[in-house]
Amino acid sequence: MDALLPLGTAPRPDSDQDLAARLRAALVGLAGDRVQGLDAAKILPVLDGADVASLDLDLTDVVVGMPTGAQDKPAPWRPEVTGREAAALRTLRIDAHPMVAVDLPVDLTAEITGLQFSWVTAADETVGVEFVEPTDDSPVSGHARVAVSRDGLAGTVQGLLAVALSGNGIALNDFDLQVEQAGPREASLRIEAGIKKSFLSATVTATASASIDDAMVLTIGDVELSSGNPIVGAMLGAIRGRLEAAAGRKIDLSTSLPPGVQLADVQIDVGEDIVLTAQLA
């Protein structure tokens with residue numbers, strides 16, 4: 001999302017209902033044809049002077065898909081700003097039970113406190129908000145929980161893979177995805193896919209693992225791509241090299257976040273649902 005969000009003509013919203021209506025219109029406009037259902041989402045802001053004491057977004061039944069290209073991407077709002085007033089969004093809560101992201105139902109709960117923004121007034125007599133990135137002097141805190149069903153994840157990955165392969169004349173005739181938990185912050189992934197092209201058929205196996213240590217450093221490991229069919233195995237050579245180059249890669253999740261956003265903990269729970277939780281300091 002752009003740092004500036006337009007909210008229509010001046011003056012700025014002075015009631016909860018007015019702000020909710022303007023936020024809905026702005027979000028629907030930004031989402032374009034990729035997101036469906038935002039017009040029915042529950043948006044509940046509570047104004048307190050210049051501040052927004054709380055903003056609850058219920059995105060249940062919202063559907064996020066791949067861009068269709070049927071609608072041009074909206075141009076970013078780049079007004080000539082003539083005035084700014086600092087304000088705070090004290091508590092932002094987002095819920096979705098569930099929303100659908102590329103055919104995958106996702107259950108989401110998140111709460112963030114301490115967000116800063118500015119009300120802006122433009123020369124053309126429009127108003128909006130300008131989001132202010134957190135800093136060490138104005139940090140945010142909060143938590144988030146994201147859950148997907150194991151079967152739903154497998155179905156979505158299978159569908160995306162089938163579409164990708166069909167573009168190269170390859171049919172996907174079998175698929176199995178396994179996700180296993182190896183610790184509170186560690187999981188492994190194994191995919192076995194049966195493919196067929198012309199007279200060639202084979203089973204391709206892909207594996208990977210991911211772990212996060214106490215310092216919030218993500219390590220990618222056990223990345224392999226193989227096939228029992230030597231011809232298919234040779235065809236996979238270039239792809240295998242790129243994938244396996246990721247093995248051992250380390251990503252410091254804390255330093256990848258902006259100042260003022262400190263990741264305190266991440267947990268993964270693999271059962272019938274795959275649940276990822278995160279806690280901000």
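Around atom CD of Glu186, more than 12 heavy atoms belonging to other residues, nucleotides or ligands sit under 6.0 Å away.
When the salt bridge (charged side-chain N to carboxylate O under 4.0 Å, His left out) test is applied to Asp174, no partner is found at least two apart in sequence or on another chain. Residues passing the side chain to side chain donor-acceptor pair (under 3.5 Å) test with Ser138 are Thr135, sequence neighbours excluded. Residues meeting the side chain to side chain donor-acceptor pair (under 3.5 Å) test with Thr219, sequence neighbours left out: Lys250. Here Phe175 pairs with nothing under the ring pair (Phe, Tyr, Trp, His ring centres under 6.0 Å) rule; sequence neighbours left out. Taking the salt bridge (charged side-chain N to carboxylate O under 4.0 Å, His left out) definition, one finds that Arg84 meets it with Glu130, sequence neighbours left out. When the salt bridge (charged side-chain N to carboxylate O under 4.0 Å, His left out) test is applied to Asp222, no partner is found at least two apart in sequence or on another chain. Thr113 pairs by the side chain to side chain donor-acceptor pair (under 3.5 Å) definition with Ser141, not counting sequence neighbours. A search for salt bridge (charged side-chain N to carboxylate O under 4.0 Å, His left out) contacts involving Arg150 returns nothing, not counting sequence neighbours.
Asp58 and Arg93 are not joined by a salt bridge, as no carboxylate oxygen comes within less than 4.0 angstrom of a charged side-chain nitrogen. A salt bridge links Asp107 to Arg145: at least one charged side-chain nitrogen sits closer than 4.0 Å to a carboxylate oxygen. Under 4.0 Å is where a charged nitrogen must lie from a carboxylate oxygen, and between Arg90 and Asp48 at least one such pair does.
A heavy-atom distance below 4.5 Å is not found between the side chains of Val100 and Val62. Counting heavy atoms from C-beta outward, Arg12 and Leu7 have side chains that stay 4.5 Å or more apart. With a 4.5 Å cut-off on side-chain heavy atoms, Arg249 and Leu218 do not count as touching. Under the 4.5 Å side-chain criterion, counting only non-hydrogen atoms from C-beta, Val52 is in contact with Leu19. Counting heavy atoms from C-beta outward, Phe131 and Leu5 have side chains that approach closer than 4.5 Å. Two residues are said to be in side-chain contact when any heavy atoms from C-beta on lie closer than 4.5 Å; Trp119 and Pro11 fail this criterion. At a threshold of 4.5 Å between non-hydrogen side-chain atoms, the residues Gln178 and Ile191 do not count as touching. Counting heavy atoms from C-beta outward, His97 and Asp95 have side chains that approach closer than 4.5 Å.
Side-chain heavy-atom separations under 4.5 angstrom define the hydrophobic clusters, and Val132 shares its cluster with no other residue.
A continuous path of hydrophobic side-chain contacts links Val64 to Val106 [ILVMFWY only; heavy atoms under 4.5 Å]. When hydrophobic clusters are built by joining Ile, Leu, Val, Met, Phe, Trp and Tyr residues whose side-chain heavy atoms come closer than 4.5 Å, directly or via intermediates, Leu89 is grouped together with Leu27. A continuous path of hydrophobic side-chain contacts links Leu57 to Met99 [ILVMFWY only; heavy atoms under 4.5 Å]. Both Ile251 and Leu189 are members of a single hydrophobic cluster when ILVMFWY side chains are connected at heavy-atom separations under 4.5 Å. Transitive grouping of hydrophobic side chains (ILVMFWY, heavy atoms separated by less than 4.5 Å) keeps Val28 and Val63 in distinct clusters.
A side chain to side chain contact (heavy atoms under 4.5 Å, CB included) with Leu55 is found for exactly one of Leu23, Leu44, Thr91, Val46, namely Leu23.
In summary, the side chains of Asp124 and Thr126 do present a donor paired with an acceptor at a separation below 3.5 Å, with no hydrogens or angles considered.
Applying the side-chain hydrogen bond (donor to acceptor under 3.5 Å, both in side chains) test to pairs two or more places apart or on separate chains, those with a residue in residues 190-203 are Arg190-Glu192.
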Return all side-chain donor-acceptor pairs below 3.5 angstrom for residues 271-281, not counting sequence neighbours, or 'none' if the list is empty.
residue	atom	partner	partner atom	Å
Gln279	NE2	Gly142	O	3.2

Kindly list each side-chain donor-acceptor pair under 3.5 angstrom involving residues 253-261, sequence neighbours excluded, with atom names and distances?
residue	atom	partner	partner atom	Å
Thr255	OG1	Asp252	O	3.3
Ser256	OG	Asp252	O	3.4
Ser256	OG	Leu253	O	2.8

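A pairwise comparison of heavy atoms in Ala87 and Ala50 identifies CB-O, 3.3 Å as the closest pair.
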